[in-house]
S.K.: 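Encoded as structure tokens, here's the structure I'll be asking about.
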Number of protein chains: 2
Amino acid sequence: MSPDPTCESAKRHIIDACVQSAKIKGYNDACGVLRGTLFLSEEPLSLDDLSRTTGYSKSTVCLNMNLLENLGIAQRVVIPGDKRSWYVAVSDPNSMKAVLLTNIKKEAQLILNALEQTERDLGSCGANTEKIQSKIAAMRHFYKQTDELLRLISRFTTEELIDLLSKAKI
Amino acid sequence: MSPDPTCESAKRHIIDACVQSAKIKGYNDACGVLRGTLFLSEEPLSLDDLSRTTGYSKSTVCLNMNLLENLGIAQRVVIPGDKRSWYVAVSDPNSMKAVLLTNIKKEAQLILNALEQTERDLGSCGANTEKIQSKIAAMRHFYKQTDELLRLISRFTTEELIDLLSKAKI
DNA sequence: AGATACGTTCGGGATAATCGAAACGTACTT
DNA sequence: AAGTACGTTTCGATTATCCCGAACGTATCT
């Protein structure tokens with residue numbers, strides 16, 4: 001590839017950032033290293049390529065590439081007449097935006113579901129739960145709005161959103 | 001508090017959701033349990049309260065409440081003439097919105113920084129890195145936009161954003 | 001000063017996550 | 001059929017994390 005030492009050390013920044021980002025999100029280091037490596041490659045990489053480049057065993061690479069694929073960070077590319085799986089980093093802005101939003105979306109729906117279930121169950125409960133019920137209602141309202149907002153945001157491109165919001169009066 | 005069994009099982013949904021949400025974000029179960037417990041309480045809770053209610057030791061509660069405070073999920077309330085720390089769940093919509101966005105913000109700034117550093121270093125590197133540099137430039141553009149969008153989003157309330165975006169033509 | 005009631009920090013033991021080697025399944029080739 | 005080149009799964013060892021009890025520091029009382 002590019003064995004220039006200066007060049008390689010330049011790439012380290014990105015890999016480090018990916019590792020740190022992975023750790024923040026609760027994933028392991030390998031995830032970050034693989035993500036960074038994939039992004040910095042000019043061509044698609046196979047599992048063996050990734051294993052060789054990162055130093056991780058093939059099983060570890062396989063496991064984590066499947067995870068990255070599920071997260072929408074990596075994408076498997078099939079080349080006809082080639083058994084191997086080739087991976088590329090997802091670079092389409094809209095897909096990347098979606099990836100950034102998934103965790104918030106998941107959180108909103110998770111909490112929203114729970115709030116609605118609790119609200120229902122508290123209704124058929126003898127005890128005096130007025131105060132809690134109003135708190136839950138407020139919270140449900142917030143997450144409902146958040147959910148709605150996320151849906152709207154995913155309809156526009158980042159560019160469009162910036163345009164819309166920067167023109168709006170506060 | 002409210003020892004009604006039906007009522008208690010209703011609350012379980014919320015605590016479970018908080019635990020699941022915590023796990024998704026890479027935090028431990030205690031974080032989720034504490035967050036849920038705090039939210040479901042009608043009054044502020046002390047460390048001892050939280051320890052008694054959740055069954056976790058005081059040291060564990062202390063550790064994780066500091067984390068929740070740093071995350072902006074819990075808030076310490078000081079009552080004059082009382083040594084104890086009282087905790088409440090942050091329920092202000094704008095603060096909650098900010099909490100939801102922090103991870104994305106962190107990711108964007110982390111990656112953006114790394115991209116800029118790498119870009120700079122690759123400039124003073126002999127090897128032919130045209131292809132990678134253009135990839136990095138594209139990526140930097142995306143994260144720059146994302147950063148800008150996040151800044152705009154934090155200027156408005158969720159309600160305002162919904163209003164603005166739902167009126168906009170696609 | 002001593003006692004008390006806090007929050008916090010510090011080991012250590014249990015528990016879970018991580019990773020590599022090897023086995024496995026499968027499709028294609030010879 | 002045997003061999004090959006893949007991706008995947010399993011298993012065990014290493015490693016890191018979680019959580020508790022105990023010790024500690026520090027105000028505020030008595």
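Proteins come first, then strands; the chains are lettered A, B, ... in the order of their sequence lines, and each starts at number 1.
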S.K.: Using a distance-only test with no angle check, is there a side-chain donor-acceptor pair under 3.5 angstrom linking D121(B) and T118(B)?
M.R.: no
S.K.: Which is true for G55(B) with a 4.0 Å heavy-atom rule: it touches a base, it touches only sugar-phosphate, or it touches nothing?
M.R.: sugar-phosphate
S.K.: Roughly, in whole Å, what's the span from CG in D29(A) to P in dA16(D)?
M.R.: 10 Å
S.K.: Grab the CZ-C1' distance between R84(A) and dT8(D) for me, whole Å please.
M.R.: 17 Å
S.K.: Can you see whether R76(B) engages S85(B) through a side-chain donor-acceptor pair at a distance of less than 3.5 angstrom?
M.R.: yes
S.K.: Taking the side chain from K97(A) and the backbone from I153(A), do they hold a donor-acceptor pair closer than 3.5 Å?
M.R.: yes
S.K.: Indicate, yes or no, whether a donor-acceptor pair under 3.5 Å links the base of dG7(C) to the side chain of S85(B).
M.R.: no
S.K.: From the options dT8(D), dT4(D), dT8(C), select the nucleotide whose nearest atom is closest to the side chain of C62(B).
M.R.: dT8(C)
S.K.: Within this structure, what is the CD1-CD distance for the pair I162(A) and E148(B), rounded to the nearest 0.5 Å?
M.R.: 5.0 Å
S.K.: With hydrogens left out and only the distance checked, is there a donor-acceptor pair under 3.5 Å joining S59(B)'s side chain and the base of dA22(D)?
M.R.: no
S.K.: Would you please confirm or rule out a distance under 4.0 Å between OP1 or OP2 of dT17(D) and any side-chain N or O of N28(B)?
M.R.: no
S.K.: Looking at CG of L68(A) and CG of L38(A), how far apart are the two atoms once the value is rounded to the nearest 0.5 Å?
M.R.: 8.0 Å
S.K.: Judged by modelled atom types alone, do S51(B) and D48(B) share a side-chain donor-acceptor pair under 3.5 Å?
M.R.: no
S.K.: Whole angstroms only, please: what is the CH2-C1' distance between W86(A) and dA5(D)?
M.R.: 13 Å
S.K.: Could you tell me how far apart D48(A) (CG) and dA21(C) (C1') are, to the nearest whole angstrom?
M.R.: 15 Å
S.K.: Output the rounded distance in Å from CG (L34(B)) to P (dC19(D)).
M.R.: 9 Å
S.K.: In degrees rounded to 10°, what angle is found between the helical axes fit to the five outermost pairs at each end of the helix from dA1(C)-dT30(D) to dT30(C)-dA1(D)?
M.R.: 0°
S.K.: For Y27(A) and for R76(B), locate the closest nucleotide of DNA chain C by heavy-atom distance; then report the residue assigned to the nucleotide nearer the 5' terminus.
M.R.: R76(B)
S.K.: Return the 5'-most residue of the pair N64(B), N66(A) with respect to DNA chain D, ranking by each residue's nearest nucleotide.
M.R.: N66(A)
S.K.: Would you say K58(A) reaches dG20(C)'s phosphate, i.e. side-chain N/O to OP1/OP2 under 4.0 Å?
M.R.: no
S.K.: Counting only side-chain N and O atoms of T60(B), is one of them less than 4.0 Å from OP1 or OP2 of dC19(D)?
M.R.: no
S.K.: With respect to the side chain of A30(A), which nucleotide from dC19(C), dC20(D), dA5(D) is positioned closest?
M.R.: dC19(C)
S.K.: How long is the line joining CG of L67(A) and P of dT8(D), in whole Å?
M.R.: 13 Å
S.K.: Walk me through whether L150(B) and L101(B) qualify under side-chain contact (heavy atoms from CB on, under 4.5 Å).
M.R.: CA-CA 8 Å; L150(B) 288 171; L101(B) 291 178; 4.0 Å; yes
S.K.: Could you tell me how far apart L50(A) (CG) and dT8(D) (P) are, to the nearest whole angstrom?
M.R.: 13 Å
S.K.: Using whole Å, report how far CG of L63(A) lies from P of dC6(D).
M.R.: 20 Å
S.K.: Side chains of Q145(B) and T158(A): do they bring a donor and an acceptor to under 3.5 Å?
M.R.: no
